[in-house]
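The next block holds one structure in the form of structure tokens; read it before the comments.
Computed over heavy atoms, backbone and side chain alike; hydrogens, waters and symmetry mates excluded. Residue numbers begin at 1 in each chain, while the letters A, B, ... track the order of the sequences.
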Amino acid sequence: MADEEDPDVPILPDLYKPPALLPIAQLKDQLLYTIETYPVTIVVGATGSGKTTQIPKFCLDAGWCADGKQIAVTQPRRIAATSVAARVAEELGTLLGQRVGYSIRFEDVTSANTQVKFLTDGLLLREMLVDPLLNRYSVIMVDEAHERSLSSDILLSLLKKVLRKRDDLRVVVSSATLEAERFLNFFAPDEGEKVHGKSKEEYGRIVGIQGRTYPVEIQYIIEPTNNYVEAAVDAIMNIHTSESDGDILVFLTGREEIDDTIDLLGDRIADMSSKQQKLLTLPLYAGLPTDAQMFVFQKAPTNTRKVILSTNIAEASVTIDDIVYVIDSGYVKLRTYDARLGIETLNVLPVSQASATQRAGRAGRTRPGKCFRLYTEETYKSLEEATFPEIQRSNLAPVILQLLNLGITNVVRFDYLSPPPSSLITRALDLLYSLGALDIHARLTKPLGTRMAELPLPPQLARTLLSSCAPQFSCVNEMLSICAMLTLQSPVFVAHDGSKAALEAARRRFSVRQGDHLTLYNVFQAFVSSGASVLFCRENALNHKSLVRAVSVRKQLAAYLSRFGVDVSATAVCGPEVLAAGGVPLPERICRCLATGLFAHAARMKGEDGSFVTVDGKTVLWAHPSSVFFHRKAEWVVYTEMLETKGKIYIRDLSSVEMDWLVEYAPEVYRVREGKR
DNA sequence: GAGCACTGC
């Protein structure tokens, strides 16, 4: 499939409506008046209201770029930034990258002429390091703020601070109804106080914009079910036999569940009479190879109804046209962070009301639709109004590192939109201190802490990468590749033709006894040596898209190191023939170097069955089935990630180390433990 | 022994 080469091209654009026909057109004057008069405008607009494309155009028309300043519009996702920019450029009759451009990681399509710039909110945060008051912008619109992502929450907090210093800046926040008041109150000065002469009442307004979507009829289940997979299968068959034409979108929680549902449906389809309209089942989840994802967007053949079984990816990230029926299981898989144990957990949890509404809305994009909720109306009413903000359930170490680097010295009393539990902050500070990023007064160390903050890597990996430049490790080139590989979100090995055996065989081909990190290095090296070949990836059950991305990440990381003054090219000559630095072979130096960043993630192998225990001996951990140590033996290991799912704690990306190394590189942590034993 | 919701720099 051609897509394999170019994964970021939007597959289907949002429903197109001529701008003049959008309800927002009638609000132009009101919107511009509000933006002119108040520092903060909260825009409440449903999907299809045109807010994202039209508001920047209105501001441009009204002269907000007259003095050479730009309008920024942030998006939570890369694909949204690129596709919306393309749309606006077209509407203005300009080439993308000229008056209208976009900027996302690895791609800056802007020029000196760019007046409206779409970018991810994470990237705007990075821009603040260079330009803390964001002086190049006259208007900043934060789109989809109601999703409450980590980066948009932090961005809003920082914009509030910027507004206190700049009375010429205008902030537009796009929100769902539910959060609008909260956002407005957050930005407004306290009762009785004034900012730039403006009181609470004079500081901002909420503007509502009607959407252009079709009505969706909601039906609830009468009797609660304890098996929503079966209930979903029943619902699909009911729609298929008794409702009119139209494709079905089913929200489930994960890959395994989706595969089970497809199997169950297969049995039921086999029972159908041949005269009936056919049913085509299609899975959709992020881990699916790109070519398989594409099927979802193709029109169903004649006399066939499409059923898409999807994870939460179809709730906001991906839009599929022609969906008329939505089936909502009422559940979602969410990642949360347990600060006490330092473990991330992946749990199946009930969705929020906001989420349920968003899912239902996916049925009414092209004509009136129906949504079948596999739970009762009472259950719906008992759901949380909105999903817990990410900032209250995440490992905050990366965020806190970034805040400190922006000069926010007191991260505990920082003005969060929703303050995270103090345990999360304490845990993050402890970790950063142990990694050497902070001193005893919780100040960023120089240059280690500031460099760690700048690198687009989790703190432990940032520390590992910086260690690799030290003479005793001398493995910066290898570590660049390893870190790049570790940042890949989707699995590196995929079953191209559904063949698990081929996948495992390929995995074994690259495996080495030192562990997963060196195995990943081997994969990366082999991929690059193949000339980034698609065929090579097919033959070796590798995800081409991921590996191409790893090449970009590596390049970017290397550029950061050069900026820090590390001569990356000089060590490039350190090939296999120069293996020893101080007499230590390269593989050992790499494992030692990993220990300098991952020491807090150490475990000792317990049995023959892939079980490990933590250093304190209190918690049992299991090698993830993708690990080299699922089959092989080790004594001590460090690992990159720990994740609890279905009651079992798995560790991923393991490498063999020695306890002596841990004591050597993290004496404060391990001498104490040694003494206690 | 048997698994990976979704984003982002």
Side-chain angles (χ1 to χ4, degrees), chain A residues 74-81 103-107 119-129 144 147-155 251-259 284-288 310-318 329 331-336 344-349 351 355 387 390 393-394 398-399 401-402 405 453-458 461-462 487-495 500 503-504 507 543 546 549 552-553 556-557 559-560 606-612 620-627 629-631 641 643-646 648-653:
Chain A
T74 74
Q75 294 292 326
R77 285 167 288 276
R78 296 162 54 91
I79 191 158
S103 190
I104 58 179
R105 186 182 186 182
F106 308 129
E107 273 179 75
L119 73 174
T120 50
D121 35 35
L123 199 61
L124 190 61
L125 281 177
R126 292 260 159 191
E127 280 192 6
M128 294 188 85
L129 280 177
E144 317 287 358
E147 287 186 16
R148 304 298 309 274
S149 76
L150 204 48
S151 47
S152 84
D153 265 20
I154 294 292
L155 182 59
F251 284 100
L252 296 165
T253 68
R255 171 179 157 173
E256 203 181 348
E257 212 168 83
I258 287 169
D259 291 344
L284 178 62
Y285 45 83
L288 213 58
S310 174
T311 60
N312 225 26
I313 191 171
E315 191 178 303
S317 310
V318 157
S329 67
Y331 287 92
V332 64
K333 212 176 265 188
L334 268 189
R335 201 174 189 144
T336 53
E344 304 204 290
T345 61
L346 210 48
N347 293 325
V348 173
L349 296 166
V351 293
S355 223
T387 311
E390 206 180 351
R393 52 182 170 87
S394 300
V399 173
L401 197 53
Q402 209 172 2
N405 201 29
E454 277 199 57
L455 286 167
L457 285 174
L461 291 184
T487 64
L488 302 178
Q489 55 273 69
S490 42
V492 177
F493 290 98
V494 287
K500 268 190 139 178
L503 188 157
E504 292 305 328
R507 206 200 293 283
N543 189 336
S546 298
R549 194 179 161 82
S552 303
V553 175
Q556 191 189 32
L557 294 174
Y560 272 100
K606 201 177 101 183
E608 301 278 303
D609 56 354
S611 64
F612 286 79
V620 178
L621 311 168
W622 298 86
H624 192 273
S626 64
S627 171
F629 297 114
F630 189 68
H631 296 292
E641 196 182 32
L643 192 72
E644 181 180 342
T645 176
K646 292 177 188 162
K648 220 168 162 182
I649 303 171
Y650 291 97
I651 46 181
R652 290 206 295 194
D653 298 321

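- Remark: A/S329 engages A/Y228, A/L252, A/Y331, A/R359 in a side-chain contact (heavy atoms from CB on, under 4.5 Å) (not counting sequence neighbours).
- Contacts of A/R255 classified as salt bridge (Lys or Arg N to Asp or Glu O under 4.0 Å), with partners at least two apart in sequence or in another chain: none.
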For nucleotides 2-7 of chain B, give me one character per nucleotide, 5' to 3': B if any protein heavy atom sits under 4.0 Å from the base, S if the only such contacts are to the sugar-phosphate, - if neither. BBBBBB
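- Side-chain contact between A/L557 and A/T487 is absent, with no heavy-atom pair separated by less than 4.5 Å.
- The distance from atom CE of A/M128 to atom C1' of B/dC9 is 15 Å, rounded to the nearest whole Å.
- Between A/E257 and A/K333 there is no salt bridge, since no side-chain N of the basic residue sits under 4.0 Å from a carboxylate O of the acidic one.
- Looking at A/S355 and A/E315, their side chains do bring a donor and an acceptor atom within 3.5 Å of each other.
- Applying the 4.0 Å criterion to OP1 and OP2 of B/dC9, one finds that A/T120 has a side-chain N or O inside that range.
- Separating the CG atom of A/D153 from the C1' atom of B/dG8 is a distance of 14 Å, rounded to the nearest angstrom.
- In this structure the side chain of A/S317 reaches within 4.5 angstrom of the side chain of A/R77, judged on heavy atoms.
- For the pair A/S151 and A/S611, nearest-nucleotide mapping onto DNA chain B gives the more 5' position to A/S611.
- Residue A/E147 contributes atom CD, which lies 11 Å from atom P of B/dG8 at whole-angstrom precision.
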